[in-house]
Asker: 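First, the structure itself, so that you have it in front of you.
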Amino acid sequence: MKLNEYRKKREFGTTPEPRGSDDVRKASGSLIYAVQKHMASRLHYDFRLEWSGVLLSWAVPKGPSLDPSVKRLAMQTEDHPIEYSDFEGVIPAGQYGAGTVMLWDEGTWEPDDADVDASLQKGEIKFTLRGKKLQGAWILVRTRGFGKNPLRSTWLLIKHRDQYASGKDVTLEEPWSVASRRLLADIARDGGGEVERASLGDPDGKGRNPASAKSASGRKRRPS
Ligand code: MN
């Protein structure tokens, strides 16, 4: 039911992604948190929070920022199965989301307000992350305006001010997988994917991340 849209988009004989079970038994009572860095048609970070037996999911084009003054666009996408939370690998060409997926961060999360359904309705979720890269207080706020489909709504992901807030560019300084320490190009190589394309999502050796790189004048860097 909740995973219908997820399953409709994918051919499970071809993609290595999990189909997901409808009745997930978990050993731990903590809610799963995960971020997958995904070099698909565009680079983005899939931000996932377990709720009600699925992973609520948002695609964050620029990835999270530890700076509380920075709001990152987060487009809600279809719910994913719990089993997706440790997926890392290559989605074959021609499949939905074709490209390279890295498990960029993982851990647990805790909502400030236990009634997450009410927070989702309201369009404001305050929570604490206990990940390997992201920690402390965060907020997701739904924007007004475009997107009446609740599955396609637009949110902002913002770091709340606390001891974990920082000016450090976490996507640039910690670009590797928390599961395997690999970069996107390594994952593509190991999985028979497009290595050069995947490497466009890795730091480019000039101290810049293609996802957030800007020239000194503030204009977007052109892809080479
Ligand atoms: Mn994605």
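Numbering of ligands and ligand atoms starts at 1, following listing order. Values below: all heavy atoms of this structure, side chains included; hydrogens, waters and symmetry mates excluded.
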Asker: Could you identify the N, O or S atom of H38 positioned closest to the Mn ion (ligand 1)?
Answerer: ND1
Asker: Taking atom types as modelled, find out whether R48 and Q36 have a side-chain donor-acceptor pair closer than 3.5 angstrom.
Answerer: yes
Asker: State which residue, out of W51, F87, Y6, fulfils the ring-ring contact (aromatic ring centres under 6.0 Å, His included) condition with H80.
Answerer: Y6
Asker: Between D46 and Y84, do the side chains contain an N or O donor and an N or O acceptor separated by less than 3.5 Å?
Answerer: no
Asker: Taking just the N, O or S atoms of H44, which one is nearest to the Mn ion (ligand 1)?
Answerer: NE2
Asker: State the atom name: nearest N, O or S atom of D46 to the Mn ion (ligand 1).
Answerer: OD2
Asker: For the rings on F47 and Y33, is their centre-to-centre separation under 6.0 Å?
Answerer: yes
